[in-house]
Number of protein chains: 4
Amino acid sequence: MSEQEPLDVGVLGYRFMGKAHSNALARLPMFFDDAPEVNRHTLVGRDEEALADAAEQFGFEHTSTDWEAVVDDVDAFYNLGPNHVHAEPSIAALEAGTPVFCEKPLAPTLEEAEAMRDAAADSGLVAGCAFNYRFVPAIRYAKNLIEDGKLGEIRQVRGQYLQDWLVDPEAPWSWRNDEELAGSGALGDLGAHTVDLARFLVGEEVGEFAEISGQLQTFVEERPVEGSDETRPVTVDDAYSAQVEFDSGAIGTFEASRVADGHKNDHTIQIHGTEGSLKFSLERLNELEYKGADHRGYETILVTDGSDPYLDHWWPPGHVLGWEHTFVHENYEFLSAVRDGGEFHPSFEDGYQVQRVLNAIERSDESGERISLA
Amino acid sequence: MSEQEPLDVGVLGYRFMGKAHSNALARLPMFFDDAPEVNRHTLVGRDEEALADAAEQFGFEHTSTDWEAVVDDVDAFYNLGPNHVHAEPSIAALEAGTPVFCEKPLAPTLEEAEAMRDAAADSGLVAGCAFNYRFVPAIRYAKNLIEDGKLGEIRQVRGQYLQDWLVDPEAPWSWRNDEELAGSGALGDLGAHTVDLARFLVGEEVGEFAEISGQLQTFVEERPVEGSDETRPVTVDDAYSAQVEFDSGAIGTFEASRVADGHKNDHTIQIHGTEGSLKFSLERLNELEYKGADHRGYETILVTDGSDPYLDHWWPPGHVLGWEHTFVHENYEFLSAVRDGGEFHPSFEDGYQVQRVLNAIERSDESGERISLA
Amino acid sequence: MSEQEPLDVGVLGYRFMGKAHSNALARLPMFFDDAPEVNRHTLVGRDEEALADAAEQFGFEHTSTDWEAVVDDVDAFYNLGPNHVHAEPSIAALEAGTPVFCEKPLAPTLEEAEAMRDAAADSGLVAGCAFNYRFVPAIRYAKNLIEDGKLGEIRQVRGQYLQDWLVDPEAPWSWRNDEELAGSGALGDLGAHTVDLARFLVGEEVGEFAEISGQLQTFVEERPVEGSDETRPVTVDDAYSAQVEFDSGAIGTFEASRVADGHKNDHTIQIHGTEGSLKFSLERLNELEYKGADHRGYETILVTDGSDPYLDHWWPPGHVLGWEHTFVHENYEFLSAVRDGGEFHPSFEDGYQVQRVLNAIERSDESGERISLA
Amino acid sequence: MSEQEPLDVGVLGYRFMGKAHSNALARLPMFFDDAPEVNRHTLVGRDEEALADAAEQFGFEHTSTDWEAVVDDVDAFYNLGPNHVHAEPSIAALEAGTPVFCEKPLAPTLEEAEAMRDAAADSGLVAGCAFNYRFVPAIRYAKNLIEDGKLGEIRQVRGQYLQDWLVDPEAPWSWRNDEELAGSGALGDLGAHTVDLARFLVGEEVGEFAEISGQLQTFVEERPVEGSDETRPVTVDDAYSAQVEFDSGAIGTFEASRVADGHKNDHTIQIHGTEGSLKFSLERLNELEYKGADHRGYETILVTDGSDPYLDHWWPPGHVLGWEHTFVHENYEFLSAVRDGGEFHPSFEDGYQVQRVLNAIERSDESGERISLA
């Protein structure tokens, strides 16, 4: 166990992501005995009362409404706020010499993402973008299969992220429906995950996204504001699709929707190579479907053995993990990198590369032309 | 049972499709007692010996190597030859006053498809394009659900047709790899089915394909010629994808591959509306996955009850049908239309509309621009 | 192709099974070119009008209401009547020197089954019991895996046959609800299939059923007679279960129900050995789930390749077969054995062994004691 | 939030179950704000060093090697030791006025279970038996469906618990293979869960287990002792099965195996009623398969909505939970009952009733006779 001082962590944001990361921090000591010791030091927000409640619930020692004061007072700064507040505090923290862990997508615009990426590069600090699905054990296992050549040369990638929480036209307006605040809709919120997952799994084999054509669609043009008679315009996409060619000549199709009725959090990725294929769905996150050279069809692998990624830290075979475990794993890796001065991926550079792809999809949608990123 | 004279049927082509249709013709009397009586009259081909064997096996009375002599000697002409021989004999038959049933895709080029469509229109005869998947009971059942409004307003369509018979670079060259003979590859062979299925299922709700961007890819540039040391170039696509917007604003993604390892004949379609969703896979052709307004998730319906489309002709519930039954159903419908002078869909007009979409996908792939068909 | 005279086949029974076998006979020539040529010679029944209609529909040359006259007038006699007319005509045919193919279960009582088995043995003729599920390609494939030792030593067998056509207490009474006519209910109708399938798949590895305890239950005690106000008592089981030990020490559990709501024809079998496991469900009859020594989970194999059992006679990979194809396969094997004087399994001996097991299940249900057949 | 004093909890056992419950206790405050406040007070074991390490990892204030001293020093006593140490400390705690939470099965013998049940009844205290699968959200949801009559009258229950960790004859001997220490094998370890789940789900509808026949089998008679050349005899079952009739006339089949290759923790239950059916598998614990009166087939419900049992405490829809969450839920219910003096189920009475069934299965296996518990 570490003899080092505990790491003081400051966290901006105390809603969904705030809870998910706080839980992860709280669980590390019991399950990852070589993880850095962590103080949940300061929780940052604007509403003092809500903040105080959250700090008590999440186990933080202090609260602050002033992120500027916090960023150089902690050993790691977590930026879990809405997309439009990703850039400024993250850059300030890096400039203050504080490693940063920022929620995805990295930024609502490519310009901001680039600035963040540059700030990270200039700082030389660990700067992570919290694409948590890289830390699903079945995804790590898939990555190992691909690296071991079990799929041969990669030819096709297919990624979909389907949700249905906006299927009802009367579902209320939120910041996620606003381009100013969110950047984009399904594209940035969901598509960012899929693009990152594809880069993680096959990036070394197929290179970056080289040619992209994209399509965005908004089915519900305005939505009611909760607790009022008004509506507000929806200025982001309800669904997007993209078709791409990678550097290597491999191709891919990508898609997300917030109006795919019957799908709650159905993030799937499928990969075909010259020797095999694999499939994954987040709604069955303990399973991987794998077809290797010696298979005729897909084998359903329950990725819960002690020899599987991260599983030696948890329960016996067949005792399935949940969504939140991905946060424990990513926090373990991020904080270990902070402690050891090591590398952490997905980095701000990874987040920026994802943003380039999302941006190209938007530009292609607008221009009707295939965009080259090569 | 019909008191009419039996219909003399002439069939060009005696390989895979010849066998599938001959089997269908042979099975009609036992299972569809109101089907027209049919003589398997003349089987047409070029290799006399192979033809004679096939005629005996398939139950044909005559053979001929001269389709021109046959087309006005029969009551219905089946054109089951390779794509590049679809146009001329089909048009000749129509001009001779003989109804035609032609395998898909209608033609290797849009020009030929247009000529065939025009010939059919001019003739006023029944001219069918044999997209057999419209005749899967589960697909008919799905169509009924959509027509009954069970899915609400249609927003998204997703179609994929995955095969793997060309995954191996050493798989031999055939006419299906040649642009002259086949027109295109996965696009025309598989994509034609998917586009037709989408038009069948949701065409009345979403209109035609209005905006299309497409992408084609060939992974293996040349293939060995069987029984020789040579290779020949592959001049068609191994895989395609397309993203579309329909007249109504609904959107869709389409894809096919002949190199999707582990998938034999995996034709899937998925549809999302404002009230529900459905999913179908050809590899489980007796099943439909349906989510209606009162469902939380998909219900797996085994479409084998006596009240299901065509099922009163077959076996008790749960006694599943196979791929070939779709041919029995389409022959039943086509021949009934011929006998009764009724309408038959998919028609040459349907085949032509599919071809317009395939053509737009190819043009978009070449130009890098979204194509408008509106 | 055979130079022999065609085989004249006489068939008793023209309902469900009559149609299924007639269809199989009609399809053999197009798909199994080495099958014996067959005349559908005489169809036997009691209602002359219905019989004449059926003979026309099924392609029979003659009809007869007198099976005694038919049994020595044909080259093979198919007994497809209700269970209580299995014994007498089958034995008469064998005594007349005519090979017999009898539907399952072999007989409503063990005594009759024994007499039939003895008649077959005395005759030296081919006497088949039509357990068609032995002829599912995926089951044959499974059998090959087991014979090749892929599952190691067999330890556990689990068979279930679930239907729901009697779930409604108002579903009408039929001969299948009557002990006199049917022998038993779910046990004889469905359980016979499962017991035969287990014997086929693992009989060589585990031996016969040695110790058996059984349980039968009737949930609906009387049912309405269609077209009348009366009800009749249900004197057979709606569901049974059994647990067994085989000669080898392997164990098994068996179960069937006609009141398992939501299951149409769900015949499943699952086998565990020291090296692997497999699973099959009749509702997905083209698929086999297989876990071998090199697998972590089950691989879903679509058993439709040309190298799979019987598949070289049908369509390309992924073009799925239906329930009725099992009848084509079993008729091919039975008729080939008749022509060649070869062996055919399942034989009357097999049918008798199944009957012994069913009988033991009934006796155990009555006595409350485990029955030894060892 | 509670104004009461925190509850001091003493825990005997610091291995698998010790960790699972400690984790649950640690997670309650962040997710269940109305849960009692808990001190992880004393961890009890025999090996002082291992105990000290565990106490630090699990967050306990004290350790003790003397459970007798602990049982009256805490507000609740958790007995998580091996089966043979369930009775004495649990009874001592109850006699000392301390509520008890005991792991399952309640005891290795029916006599001990009875004594524990009586001690609980005499004490009037909360005495819980930790059958955690009652606390799976999908199982609670299923229970609600049954209580609402969605399945009609219950007719059939089918429960299986399949694991494979003993499939290899060389898998090492442990206390779980010894009758003295464990009572039984798959029967007590796995079957206890299934019997409890059946009682929970349908007990109110079908009553208790009335007639039982059972079968046990040991496939590997001795196993190697780790770190030595010796082997020790396996004196418990590797697999069991049972067939039962409930008070109501409903029937059931039950089964478990530790040698079912390819199954890690595959606990399934299936229920058929006159109006519908449902299916559950622990390896997909966020899903329930449900067929109601308006369904044709099973609907796959992802039980992760905010309105689902316990889900308002966790994440948004589609963000799946894991196995360990069942422990959080059961600890929440148990500790709330301790604080409030309320009822908790499963109780020692429930544990005893399960034990009666397990005992009857063993007796039936030995005698070869059906056992009546009515």
Side-chain angles (χ1 to χ4, degrees), chain C residues 151-153 155-156 158 160 162 164 167-169 211 213-220 238-245 249-255 257 259-264 270-279 289-293 295-298 364-365 367-372, chain D residues 151-153 155-156 158 160 162 164 167-169 211 213-220 238-245 249-255 257 259-264 270 272-279 283 289-293 295-298 364-365 367-372:
Chain C
L151 267 60
E153 191 181 320
R155 283 172 171 168
Q156 297 191 252
R158 191 176 301 115
Q160 294 166 352
L162 306 182
D164 67 3
V167 72
D168 181 357
E211 304 283 329
S213 52
Q215 168 180 280
L216 274 66
Q217 187 62 296
T218 305
F219 297 105
V220 178
D238 288 326
Y240 90 94
S241 67
Q243 49 200 358
V244 313
E245 184 173 333
I251 59 172
T253 56
F254 293 84
E255 195 177 335
S257 175
V259 298
D261 200 22
H263 299 255
K264 295 301 166 193
Q270 189 164 8
I271 298 170
H272 304 300
T274 51
E275 304 286 329
S277 293
L278 54 79
K279 286 192 277 190
E289 304 274 322
Y290 166 56
K291 189 230 159 274
H295 293 71
R296 295 184 52 178
Y298 287 88
S364 171
D365 174 63
S367 70
E369 290 178 4
R370 195 181 297 145
I371 305 292
S372 176
Chain D
L151 267 59
E153 191 181 319
R155 283 172 171 168
Q156 296 190 253
R158 191 176 302 114
Q160 294 165 353
L162 306 182
D164 67 2
V167 73
D168 182 355
E211 304 284 330
S213 52
Q215 169 179 278
L216 275 68
Q217 188 63 297
T218 306
F219 297 105
V220 179
D238 288 325
Y240 89 95
S241 68
Q243 48 199 0
V244 312
E245 184 173 331
I251 60 172
T253 55
F254 293 83
E255 196 177 335
S257 176
V259 298
D261 199 22
H263 299 256
K264 294 302 167 192
Q270 190 165 7
H272 304 301
T274 52
E275 305 285 329
S277 292
L278 54 78
K279 287 192 277 190
E283 289 184 355
E289 303 275 320
Y290 165 57
K291 188 228 160 277
H295 292 70
R296 294 183 54 178
Y298 288 87
S364 172
D365 174 64
S367 70
E369 290 178 5
R370 194 181 298 146
I371 304 293
S372 176

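Every value quoted in this text rests on a predicted model; they were computed, and no experiment measured them. Naming convention: chains lettered A, B, ... in sequence-line order (proteins, then strands); numbering from 1 in each chain.
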Practice problem: Not counting sequence neighbours, which residues clear side chain to side chain contact (heavy atoms under 4.5 Å, CB included) with D:Q217? List them please. | Solution: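 Only C:E245, C:I251, D:F219 meet the side chain to side chain contact (heavy atoms under 4.5 Å, CB included) criterion with D:Q217.
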
Quiz item: Who pairs with C:S364 by side chain to side chain contact (heavy atoms under 4.5 Å, CB included), at least two apart in sequence or on another chain?
Solution: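 Residues passing side chain to side chain contact (heavy atoms under 4.5 Å, CB included) with C:S364: C:S213, C:I371.
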
Self-check item: Choice from D:G273, D:G276, D:A250 maximising heavy atom contacts with chain C below 4.5 Å
Solution: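 When all of D:G273, D:G276, D:A250 are compared, D:G276 has the most.
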
Exercise. Quick one: which of D:S241, D:G152, D:S372 has the most heavy-atom pairs under 4.5 Å with chain C, could you say?
Key: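 With the most close heavy-atom pairs to chain C, the winner is D:S241.
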
Is [X] close to chain C through its backbone or its side chain, or both, or neither, when contacts mean heavy atoms under 4.5 Å?
{"X": "D:L151", "answer": "neither"}
{"X": "D:Q215", "answer": "both"}
{"X": "D:R296", "answer": "backbone"}
{"X": "D:H263", "answer": "side chain"}

Quiz prompt | Passing candidate, side-chain contact (heavy atoms from CB on, under 4.5 Å) with C:T253, options D:R158, D:Q160, D:E255 | solution =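 Going through the options one by one, the only one that passes is D:E255.
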
Practice problem: Only one of C:L162, C:D164, C:V259 passes side-chain contact (heavy atoms from CB on, under 4.5 Å) with D:H272; say which it is. | Solution: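 When C:L162, C:D164, C:V259 are each tested with D:H272, the side-chain contact (heavy atoms from CB on, under 4.5 Å) holds only for C:L162.
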
Please determine, among [options], the option with the most heavy-atom pairs under 4.5 Å with chain D.
{"options": "C:G252, C:P169, C:G214", "result": "C:G214"}
{"options": "C:E369, C:E153, C:Q243", "result": "C:Q243"}
{"options": "C:D365, C:D168, C:I271, C:D238", "result": "C:D365"}

Self-check item: Heavy-atom side-chain proximity of D:Q156 to C:S257 below 4.5 angstrom
Solution: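 Touching, per the 4.5 Å side-chain cut-off.
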
Practice problem: Taking the side chain as every heavy atom from C-beta outward, state whether D:H295 and C:D261 have any pair of such atoms under 4.5 Å apart. | Solution: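 Heavy-atom side-chain distance check fails, nothing below 4.5 Å.
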
Practice problem: Quick one: closest heavy-atom pair of D:T274 and C:V167, and the distance? | Solution: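 For D:T274 and C:V167, the tightest heavy-atom pair comes out as O-CG2, 4.0 Å.
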
